[in-house]
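Counting convention: from 1, in listed order, for ligands and their atoms alike. Residue numbers count from 1 along this sequence.
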Amino acid sequence: MGEIIDGKKIASQLFEDLKIKVQKSIDKPGLAVVLANDNPSSKIYVASKEKKSLELGYRSYVYRFDKSITMGKLIELIHELNENKKVNGILVQLPLYEHLDEQKIIELINPKKDVDGFHPINVGKLYCGLEPWAKCCTPKGIIKLLKGYNIQIEGKHAVVVGRSNIVGKPLAALLLKENATVTIAHSKTKNLKALTKTADILISAVGRPNIITADMVKKGAVVIDVGITKQYDRFLKGDVDFDKVKSIASYITPVPGGVGPMTIACLMENTYELFLEQNK
Ligand code: GUN
């Protein structure tokens, strides 16, 4: 029976640590979050980022827009936030409304305030083995979970299912930095099961419930579930068939309570680190 990785616990230690550091500092970190999308999940994510920022004593700036927002107005806002000394981190919640150019907006954010680590300069630094200004939150959180449970990464075969810019690609770079042997699988991968069966660390970031079934997992593998799909009954469901896989895996993350809390914890840590860097 695999050990259940408690993301909530590791995240709350990180929150406590940040709260104390902020209480001791004269100035406060500032996080700006931009929501230009009416997706209900995005609204919930943004509300929880705002709530956590305030709980930790950060300055929180949230900009919510309806569909009438234009590219011009959004560009103007990003320029203002880049200039605003009280704002240390800028997060543009993705996806944006369809008429907005996501990549152009990401590239306008000052890379030193790019708290998501999505700017090509930060992605490039990551892939060069350099320190980006900020590392993407979900991948960073996954590495913290593995380290928090003393799970060896070096020399292990890590299979990442999903190649998104938000999770799959940056996670592959971070795992490589930790000296794992990394394979990225995606929707066009042939015989996914044969590949996942060879994984010592299997990470799924697809967003389709039960795409990872028990027959796809090697005995003793570490299984990390990044998927979150809201079911018709409003319950959240991961990518992994948790009940069956937990008896095969050595460690497994639940949904909710696994990777999710770490994403927001790393966002708060990134904001704090950018704040320190900008006040050097
Ligand atoms: N949408 C889903 N995950 C994320 C994330 O980590 N950052 C941003 N900006 N948008 C997202």
**Prompt:** What residues join Leu236 in its hydrophobic cluster, counting side-chain heavy atom gaps under 4.5 Å, either direct or through other members?
**Reply:** Tyr45, Ile228, Val255
**Request:** In sequence, state the C-alpha distance, the side-chain angles, and the governing distance for Asp241 and Thr213, and then conclude on side chain to side chain donor-acceptor pair (under 3.5 Å).
**Result:** CA-CA 5 Å; Asp241 183 356; Thr213 47; over 6 Å; no
**Request:** Please examine the side chains of Ile166 and Leu94, heavy atoms only from C-beta on, and report whether any two atoms are closer than 4.5 Å.
**Result:** yes
Side-chain donor/acceptor pairs under 3.5 Å, residues 13-35, sequence neighbours excluded:
{"from": "Ser25", "atom 1": "OG", "to": "Val22", "atom 2": "O", "distance (Å)": "3.4"}
{"from": "Ser25", "atom 1": "OG", "to": "Asp27", "atom 2": "O", "distance (Å)": "2.6"}
{"from": "Asp27", "atom 1": "OD1", "to": "Arg59", "atom 2": "NH1", "distance (Å)": "3.3"}
{"from": "Asp27", "atom 1": "OD1", "to": "Arg59", "atom 2": "NH2", "distance (Å)": "3.0"}
{"from": "Lys28", "atom 1": "NZ", "to": "Val22", "atom 2": "O", "distance (Å)": "3.0"}
{"from": "Lys28", "atom 1": "NZ", "to": "Ser25", "atom 2": "O", "distance (Å)": "3.1"}

Between ligand 1 and the protein, which N/O pairs fall short of 3.5 Å?
{"from": "ligand 1", "atom 1": "1 (N)", "to": "Gln93", "atom 2": "NE2", "distance (Å)": "3.4"}
{"from": "ligand 1", "atom 1": "1 (N)", "to": "Leu94", "atom 2": "O", "distance (Å)": "2.9"}
{"from": "ligand 1", "atom 1": "7 (N)", "to": "Asp116", "atom 2": "OD1", "distance (Å)": "3.1"}
{"from": "ligand 1", "atom 1": "7 (N)", "to": "Asp116", "atom 2": "OD2", "distance (Å)": "3.3"}
{"from": "ligand 1", "atom 1": "9 (N)", "to": "Val92", "atom 2": "O", "distance (Å)": "2.8"}
{"from": "ligand 1", "atom 1": "9 (N)", "to": "Asp116", "atom 2": "OD2", "distance (Å)": "2.6"}
{"from": "ligand 1", "atom 1": "10 (N)", "to": "Leu94", "atom 2": "N", "distance (Å)": "3.0"}

**Request:** Please say whether the positively charged group of Lys113, taken as NZ for Lys or CZ for Arg, lies over the ring of Trp133, i.e. under 6.0 angstrom from the six-membered ring centre and within 45 degrees of the axis.
**Result:** no
**Asked** Could you give all pairs that pass the salt bridge (Lys or Arg N to Asp or Glu O under 4.0 Å) test and reach residues 94-112, with sequence neighbours left out?
**Response** none
